[in-house]
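Reading through the C-alpha cells given below for one structure.
FYI, the numbering just counts along the sequence from 1. Heavy atoms only: backbone and side chains are in, while hydrogens, waters and symmetry mates are out.
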Amino acid sequence: MNSIYCLINPINNDIVYIGKSKNISKRYKDHCRKAKGKYRCKLDKWKNELISSGNLPVLEIIEQFDEYVDINFWEKYYISLYRSWGFNLLNMTEGGDGLQNPSIETRNKIGDKSRGRKFSKETLKALSEIRYNTGKKIKNIVSF
C-alpha cells in the first residue's frame, strides 16, 4: 500500500514535511534516525535538532493508495496543497522525485555501478554496524 504522509513537529504541532512511502513503518524509522555528516537538506538539520532535544517527529498518514495509483502525482498534489495553505514545508522539491517501480534494466544499471565499489575503513565499519544491528547481509563490498 502506498502512503502519503506528513511529519509534524511535536513541539509546536507544525506540519513540516510531506512525503510518500510504500513501507510507512520503515520510512518512519528512517525519519527517527539522525543524519550523519553534512546535512543534505533542511529536513536533515531539523531532524537532528529535534532528536538531539529528546523528541521524535510525529508521522501522520494523509492518504493511502493501491499500488497501481500514480503516487508521484499525489505527492506533488499534497505538497502544493499544503504550501498553498501556508505551511512552510522543508521539502526541497515539489515532489514526485525518486524511482517508482524501476524497470529490470534500470535496476541492473544501478546494481552494476555499485558492484566492486571500494569503501573507506570508516564506511566499512559503519556498514558492519548496520549489518550487525539489522541482521541484513551486505554483499559485494570490497575493502582496501
* Are I4 and F73 co-members of a hydrophobic cluster defined by side-chain heavy atoms under 4.5 Å apart? -> yes
* **Linked, directly or transitively: L81 and I62 (ILVMFWY side chains, under 4.5 Å)** => yes
* Above 12 or not: heavy atoms from other molecules or residues under 6.0 Å from CG of N88? -> no
* With hydrophobic residues grouped by side-chain heavy-atom distances under 4.5 Å, do I24 and Y68 end up in a single group? -> no
* Asked: Does N91 use its side chain to pair, donor to acceptor, with the backbone of T93 at less than 3.5 Å?
  -> no
* Asked: Are any side-chain N or O atoms of N12 and backbone N or O atoms of D14, one a donor and one an acceptor, separated by less than 3.5 Å?
  -> yes
* Asked: With the 4.5 Å side-chain cut-off for hydrophobic clustering, are Y82 and V58 part of the same group?
  -> yes
* Can you find a heavy atom in the side chain of W46 that is under 4.5 Å from one in the side chain of P57? -> yes
* Is there a side-chain contact between E75 and E94, using heavy atoms and a 4.5 Å cut-off? -> no
* Asked: Taking atom types as modelled and ignoring hydrogens, do the side chains of S21 and N23 form a donor-acceptor contact shorter than 3.5 angstrom?
  -> no
* Structure fact -> Taken to the nearest 0.5 Å, the spacing of D30 CG from S25 OG works out to 9.5 Å
* CZ on R33 to OH on Y28, rounded to 0.5 Å -> 12.0 Å
* Rounded to the nearest 0.5 Å, what's the gap from OH on Y17 to CG on L89? Could you check? => 10.0 Å
* Asked: What is the ring orientation for Y77 with W74, classed by angle as parallel under 30°, tilted 30 to 60°, or perpendicular over 60°?
  -> perpendicular
* Is there a chain of hydrophobic side chains (I, L, V, M, F, W, Y, each step under 4.5 Å between heavy atoms) that links L7 to I79? -> no
* **From L56 atom CG to K47 atom NZ, the distance as rounded to the nearest 0.5 Å** => 11.0 Å
* Test item: side-chain donor near acceptor, Y5 and E63, under 3.5 Å -> no
* To do: Report yes or no: do K20 and N2 form a side-chain donor-acceptor pair below 3.5 Å?
  => no
* Asked: Does one side chain, of K34 or S52, offer a donor that lies under 3.5 Å from an acceptor on the other?
  -> yes
